[in-house]
Amino acid sequence: MGSRLDRCRLIDLPRIQDARGNLTAIEGTGVTGFDIKRVYYLYDVPGGADRGAHAHRKLWQLVIAIMGSFDITLDDGNAKRTYQLNRGYQGLLICPYIWRELNNFSSGAVCLVLASEFYDPADYIRDYDVFLTAAKAQP
Ligand code: TYD
């Protein structure tokens, strides 16, 4: 079995290309592997801002740069991997017990997140040392 970092991956989203503009639709579990319970998005992010800096216990997410670009660094407690997201037809799948940090937002960037669970503050791990201990205890 691969590492938890390997379970996070870029997914090519369906793309309907058209001279009038492209369209991407995501429904059911086919693309994400989970039922989408919540959608949120980050926008008007000031230059130099950092977002994220936490992990989740249960939550799966698919993160898409639907406008502009930003970087996401994923950390499973053993290794880190940084992705630059800049395409509306690519999503980064993030599994539980992954510490993530988002930065280098371009001007006007919009980060769309499809989430497997409703918002639950108890699902967050916001302390990195607590994350390291919890991540080690995971299979
Ligand atoms: P937070 O998760 O800290 O943002 P990020 O990790 O992307 O930098 O959330 C910022 C605030 O928004 C915090 O007060 C919780 C609130 N929030 C909701 O109310 N619902 C949500 O679905 C999310 C993701 C955040």
Side-chain angles (χ1 to χ4, degrees):
M1 194 174 73
S3 71
R4 195 170 302 121
L5 216 44
D6 291 332
R7 273 176 255 161
C8 302
R9 58 192 170 84
L10 278 178
I11 294 178
D12 280 327
L13 305 173
R15 190 164 35 144
I16 301 170
Q17 289 179 286
D18 192 308
R20 300 169 299 157
N22 300 335
L23 186 152
T24 290
I26 300 169
E27 62 179 16
T29 58
V31 170
T32 57
F34 56 78
D35 273 329
I36 300 160
K37 280 197 182 155
R38 176 167 53 109
V39 173
Y40 67 91
Y41 42 97
L42 301 172
Y43 56 100
D44 291 346
V45 180
D50 299 316
R51 305 283 322 207
H54 62 255
H56 289 279
R57 294 185 165 84
K58 199 172 164 202
L59 190 71
W60 286 78
Q61 292 171 305
L62 187 74
V63 180
I64 306 165
I66 53 170
M67 190 80 197
S69 67
F70 51 87
D71 294 344
I72 306 191
T73 299
L74 304 183
D75 174 354
D76 67 0
N78 289 309
K80 297 183 184 186
R81 201 169 286 166
T82 298
Y83 294 85
Q84 187 189 47
L85 296 189
N86 56 10
R87 296 193 164 88
Y89 57 87
Q90 270 187 342
L92 180 62
L93 184 69
I94 307 181
C95 66
Y97 290 98
I98 294 285
W99 188 268
R100 86 288 313 275
E101 294 182 1
L102 290 78
N103 54 30
N104 289 335
F105 284 84
S106 68
S107 169
V110 181
C111 169
L112 177 71
V113 182
L114 310 180
S116 67
E117 308 295 333
F118 296 124
Y119 175 64
D120 176 9
D123 189 61
Y124 280 72
I125 306 173
R126 292 192 178 273
D127 181 292
Y128 189 69
D129 290 331
V130 171
F131 160 70
L132 286 179
T133 305
K136 274 203 188 86
Q138 291 306 304

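Just so you know, ligand 1 is whichever comes first in the structure, and atom 1 is the first atom listed for that ligand.
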So which heavy atom in the protein is nearest [atom], and how far is it from that ligand atom?
atom: atom 8 (O) of ligand 1; value: Arg51 NE, 2.8 Å
atom: atom 22 (O) of ligand 1; value: Arg38 NH1, 2.4 Å
atom: atom 25 (C) of ligand 1; value: Tyr119 CE1, 3.8 Å
atom: atom 6 (O) of ligand 1; value: His54 CE1, 2.6 Å
atom: atom 3 (O) of ligand 1; value: Arg126 NH2, 3.0 Å

Under 3.5 Å, is there a donor-acceptor pair between the side chain of [X] and the main chain of [Y]?
X: Arg15; Y: Gly88; value: no
X: Ser116; Y: Trp60; value: yes
X: Thr24; Y: Pro14; value: yes

Record the part of His56 in heavy-atom contact with ligand 1 below 4.0 Å; permitted values are side chain, backbone, both and neither.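 None of His56 does.
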
Pull out every atom of ligand 1 sitting under 4.0 Å from any heavy atom of Tyr124, numbered as shown with elements.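 Going through ligand 1 atom by atom, the ones under 4.0 Å from Tyr124 are 2 (O), 24 (C).
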
Examine Leu42 against ligand 1 and note whether any of their N/O atoms are separated by less than 3.5 Å.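 So ligand 1 has no N or O lying under 3.5 Å from an N or O of Leu42.
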
Could you tell me whether atom 11 (C) of ligand 1 has at least one protein heavy atom nearer than 4.0 Å?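 Answer no: nothing from the protein, no heavy atom, is under 4.0 Å.
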
Using 30° and 60° as the class limits, which term best fits the ring planes of Phe105 and Phe70: parallel, tilted or perpendicular?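 Aromatic pair Phe105/Phe70 classed parallel.
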
Relative to the ring of His56, is the ring of His54 parallel (under 30°), tilted (30 to 60°) or perpendicular (over 60°)?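 Rings of His54 and His56: perpendicular, as their planes differ by over 60°.
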
Of all the heavy-atom pairs spanning Ile64 and Arg87, show the shortest one and how long it is.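 In terms of heavy atoms, the two residues are closest at CG2-O, 4.2 Å.
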
